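Okay, so here's the structure we're looking at.
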Amino acid sequence: MDWSEPRNFKEWLRRVFSLRPVALFLLVLAVLVLELRFDWIEQSVGAYLVTTNSRRPRSGAIWVAGERTKTAKQALEQILTDREASQREARGATTFTQILSTMSPEQGVMLSSEHFRKLYLSLPEEIAGEIVTPFDLLELSSNGQWVRTFLKSEGAGLRIYLLNAKNRVMQECAISYTLLRRIERLETALTGTLDDLPIFENRIYSAERFFFALKSLPDADLRSIVPQPERLLETPGHIVRVGISDEAISGFIDLGFEIEDGTRRKVLLLQGREWAVWLLRSHLKEKSSEMKQGSTERQGDRIL
Amino acid sequence: MTSSASFIRVLRTAFYIIVAASGIAVLIAVFMFFTAVRDLPRVPEPLSRIIETPPTEIYAATGERIMAIGGREAVSLSRVSPYFIQAMLATEDHRFWEHHGLNKFRTLKALWVTLFEPGRVEGASTITQQLAKNLFFSFKRTYMRKFRELLVAIQIESRFSKREILEAYINQIPFGIGAHGIEQGSKTFFDKPASDLTLAESTLLAGLPKSPTRYNPYLNYDLAKKRQRIVLFRMASVGFITREQAHRALQEKLQFSRPLPTGARAGSYFLDVVVKGLEERYGAEIVHHGGLRVFTTLDPHLQSLAMESLRSGLESLDRMIGVQEESSYTGIPVSRPQGALVAVETNSGAVKALIGGRNYLESEYNRAVQNNRLPGSGFKPFLYYTAFEKLGMNPATLFIDMPVTVPVIGAQDWSPRNFGLKHEGPMVLKQALIKSVNSIAAQLVERTGPEDVIRTARRCGIESPLEPVYSIALGTSGVSPLEMASAFATFATGGIYHEPFLISRVEDMLGRVLEEHIVSGKRRLDASIVYQVVDTMRGVIDSGTGSVVKRLGFDLPAAGKTGTSDRYHDAWFTGFTPTLSTAVWVGFDREKELRDAGGLGITGSGGAAPIWASFMIRATEGEPRREFPVPPDITFETVDPATGRKATSLTVSPLTIPLRKGQEVSGDIQEQEADIDLENGAFKN
């Protein structure tokens with residue numbers, strides 16, 4: 001190639017239009033035309049970027065929105081899972097105290113009317129009557145509008161809303177803390193003996209003596225002392241001893257029934273009305289002398 | 001040197017400069033490429049993933065969807081009107097099917113204009129580039145951002161088909177008023193699916209994404225039509241339609257999903273309260289990205305009636321006031337009175353309609369829930385209830401309307417004046433409320449004490465801060481229209497309070513329930529005393545300060561009370577039937593008096609009651625006539641309003657008074673004589 005300066009214009013033209021410059025020019029032109037026609041630069045760059053796509057960061061508005069959606073869905077799922085767990089536990093609950101223990105303070109639980117009816121019927125008559133009268137429930141059931149029951153914690157107790165299909169409250173009632181405590185004690189069946197429970201200390205009687213004194217009372221008072229004899233009857237084993245607490249809770253006194261079932265012993269708690277239990281205790285004292293004559297005390301039992 | 005030699009030298013120098021410049025340009029491009037590519041965002045695959053955010057949908061009580069927050073409603077290209085697709089292509093990128101993400105000639109031209117014509121910036125973004133920008137980049141204008149956007153566009157073109165790109169594009173473009181994507185846009189503006197859009201509708205919508213607010217037809221109809229014209233003639237010039245079709249489409253009358261002058265969707269203020277409540281409970285993230293289903297209490301029919309009544313009522317008020325001043329930007333008068341209306345279902349507390357201002361697009365400030373407006377005499381029913389309950393009074397108890405001065409410990413004595421500055425002497429309490437006599441209200445509050453009046457208001461659900469001062473009887477503490485409507489609903493139900501609510505149920509997108517509202521009524525007031533107050537308030541509508549309601553044609557049994565705050569800053573009317581309680585407030589946002597063109601003050605009777613009547617007449621249309629239930633211990637007596645004694649055949653305009661068990665009409669006024677110096681009206685200490 002001649003790199004010297006052309007001597008005149010003619011020579012310059014000759015050099016410009018020689019084979020190699022023209023070929024080079026055509027090559028450049030072809031590249032440009034092909035790019036315009038077939039977008040090969042974009043195609044190549046695009047193909048390269050596609051191969052690196054999976055290694056690049058998830059940044060930009062769409063990914064931020066995606067991340068937010070993911071976070072929101074997780075948070076929502078958490079709320080729903082907690083709520084559903086609480087509802088599931090509530091649906092499986094067989095007592096009001098179980099329901100209260102599954103409930104978070106800020107949200108209640110929804111039960112079917114049938115479930116509420118079962119819980120209600122499992123309570124002793126006088127406790128159930130303190131929540132809502134059976135006649136109110138009968139009236140609500142008879143018109144077929146009561147479909148669900150919403151329970152929420154209120155202080156240490158429960159507020160209950162009996163609802164129709166439009167979530168309108170048809171009847172509202174409550175279970176106070178003290179009533180719940182009574183129900184809780186009703187539900188208690190403790191493994192062990194009465195000697196393990198300090199509330200019965202020095203007031204433990206043999207079953208024979210307890211029922212002897214009980215039977216001496218008028219029939220009308222018996223249910224005031226033992227409100228649910230059916231509970232005792234349906235419990236496997238036999239009653240060996242009975243303890244009487246001297247602490248009254250809102251007009252009721254705990255009675256502990258120690259039941260022997262094979263080699264195991266357990267204590268079932270029931271609540272008797274305060275006045276009736278005091279009456280029974282006075283009878284227990286009176287009958288103690290009669291009992292000493294004709295009956296034998298179980299060895300180890302303490303007698304007042 | 002010869003001239004040819006110097007010519008050759010010039011050419012050669014130019015050639016080398018071009019070669020060097022091209023080389024440098026290539027080097028810069030390569031450098032920029034490798035710089036940009038380092039933190040280039042990853043493109044989602046498939047591209048349809050960009051619309052996976054589920055929308056939070058808000059439904060009216062009728063089941064109709066009234067709003068979707070976030071999310072996109074994706075449709076395939078085959079379910080979009082071809083007119084819309086052609087309109088978008090003609091306007092945004094008519095060579096879309098030919099290029100590979102970059103329109104080179106348009107880009108070069110734009111570059112030239114940007115570089116060499118100072119002050120002018122020309123866009124050349126293709127649809128793919130716009131898609132890349134919308135998906136990944138901010139709107140900050142930098143060369144590097146543009147370059148990255150170009151690279152992503154090129155990648156999108158390499159990876160996805162043109163149809164996929166176009167589908168992704170039309171499913172995410174903004175149309176304004178919260179509508180993203182063509183399906184939402186079509187439903188928002190024309191209440192129809194995107195597949196059914198006509199040429200005229202398609203071209204109007206295709207013009208919006210350029211500037212959704214500026215071309216919003218609800219706000220700027222003329223600008224939107226001008227933009228539609230541009231779109232139509234672009235379509236004609238690229239051959240999608242003929243000029244004749246373009247002219248015909250331009251002339252076509254567009255049927256919008258709601259009337260143009262009302263602007264925002266009918267439930268905007270209502271929805272604001274709903275969304276705010278949801279955000280407080282669940283957090284903004286869940287509300288905007290979680291895909292909730294929210295079922296509200298809104299009745300779209302009542303809401304649109306409320307909107308229409310408030311709008312026409314405020315326009316009448318404009319004429320009374322003589323408002324003419326107009327804003328140069330929107331053409332909307334800037335100093336016009338505002339208003340609010342809330343309607344609550346009395347036996348549940350469900351808020352059926354809520355309007356917080358004359359136009360949401362003008363002002364998003366929600367006056368329906370702000371508790372800063374003085375209710376004036378609208379507060380008196382709480383006072384009367386307190387007096388009936390605490391002092392054993394009844395609507396026939398006789399008082400003397402005269403100037404009174406109540407001594408206030410540690411402050412200036414309080415001497416309220418009557419509205420008309422006149423005093424009428426003895427009158428029964430029913431008459432006093434019917435005529436809204438302030439001097440008798442002052443005597444009552446002096447006896448009940450302001451604390452007990454506040455307690456009554458609280459029992460009815462008023463939660464705003466209330467100052468325990470005597471003037472509370474005349475409504476000198478701010479409340480909200482929502483509170484007033486809800487509190488008066490307690491009177492409508494005979495004393496049973498229902499908490500007002502706007503959301504009845506919230507579910508996730510699978511229908512799992514997050515919350516449900518339980519409609520629970522609590523007896524807060526005595527039914528018989530409430531009946532006495534309600535009967536007295538009926539008198540307000542039948543023959544008192546609210547009688548304009550009757551004159552305007554509302555003839556169902558209803559009770560209510562007007563209210564006008566000091567210096568005419570606020571005008572109220574709150575009233576109810578046994579089923580619906582509605583509060584209306586009008587006034588200026590800033591401290592400005594409501595006065596007509598002649599300088600006379602506008603009261604609740606003149607400003608708010610006509611709006612209430614207009615709304616209630618239509619809202620209760622077709623409803624059976626329901627009376628307020630009379631409690632069993634109520635008996636009725638007809639009395640002389642001026643003496644409080646049993647009416648005789650000679651009594652002029654006797655009043656029927658409900659009396660509770662053990663109450664009798666006596667006409668005695670000795671109670672006042674014991675306390676007030678009748679010479680000067682001052683209370684004896």
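Chain naming here is simple, since letters A, B, ... match the order of the sequence lines and numbering starts at 1 in each. The structure presented is a predicted model; accordingly, all values stated were derived computationally and were not measured.
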Under 3.5 Å, is there a donor-acceptor pair linking the side chains of [X] and [Y]?
X         : Y        : value
Asp82(A)  : Gln78(A) : yes
Gln155(B) : Arg42(B) : no
Lys118(A) : Thr94(A) : no
Arg56(A)  : Thr52(A) : yes

Does any backbone or side-chain atom of [X] lie under 4.5 Å from a heavy atom of chain B? Answer side chain, backbone, both or neither.
X         : result
Arg83(A)  : side chain
Glu84(A)  : side chain
Gln74(A)  : neither
Leu36(A)  : both
Gln43(A)  : both
Met110(A) : side chain
Arg37(A)  : neither
Ala47(A)  : backbone
Ile79(A)  : side chain

Is the shortest side-chain N to carboxylate O distance from [X] to [Y] below 4.0 Å?
X         : Y         : answer
Asp39(A)  : Lys104(B) : yes
Lys73(A)  : Glu77(A)  : no
Glu172(A) : Arg159(A) : yes
Arg293(B) : Glu57(B)  : yes
Arg148(B) : Asp39(B)  : yes

- [ ] Find the one option among Val152(B), Asp508(B), Asn347(B), Val37(B) whose heavy-atom pairs under 4.5 Å with chain A are most numerous.
- [x] Asn347(B)

TODO: Could you have a look at Glu516(B), Arg159(B), His498(B) and say which one has the most heavy-atom pairs with chain A under 4.5 angstrom?
DONE: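 The residue among Glu516(B), Arg159(B), His498(B) with the greatest pair count is Glu516(B).
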
With a 4.5 angstrom heavy-atom cut-off, which part of [X] approaches chain A: side chain, backbone, both or neither?
X         : value
Leu11(B)  : side chain
Glu45(B)  : side chain
Ile156(B) : neither
Arg505(B) : neither
Val287(B) : neither
His517(B) : backbone

Open item on the list: I need the residue from Glu35(A), Gln87(A), Arg68(A) with the largest number of non-hydrogen atom pairs under 4.5 Å to chain B.
Closed with: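 Highest number of heavy-atom pairs under 4.5 Å: Arg68(A).
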
Open item on the list: If we ignore hydrogens and angles and just use 3.5 Å, is the side chain of Asp136(A) paired with the main-chain N or O of Val132(A) as donor and acceptor?
Closed with: no

TODO: Would you check if the distance from the ring center of Tyr161(A) to the ring center of Phe116(A) is below 6.0 Å?
DONE: no

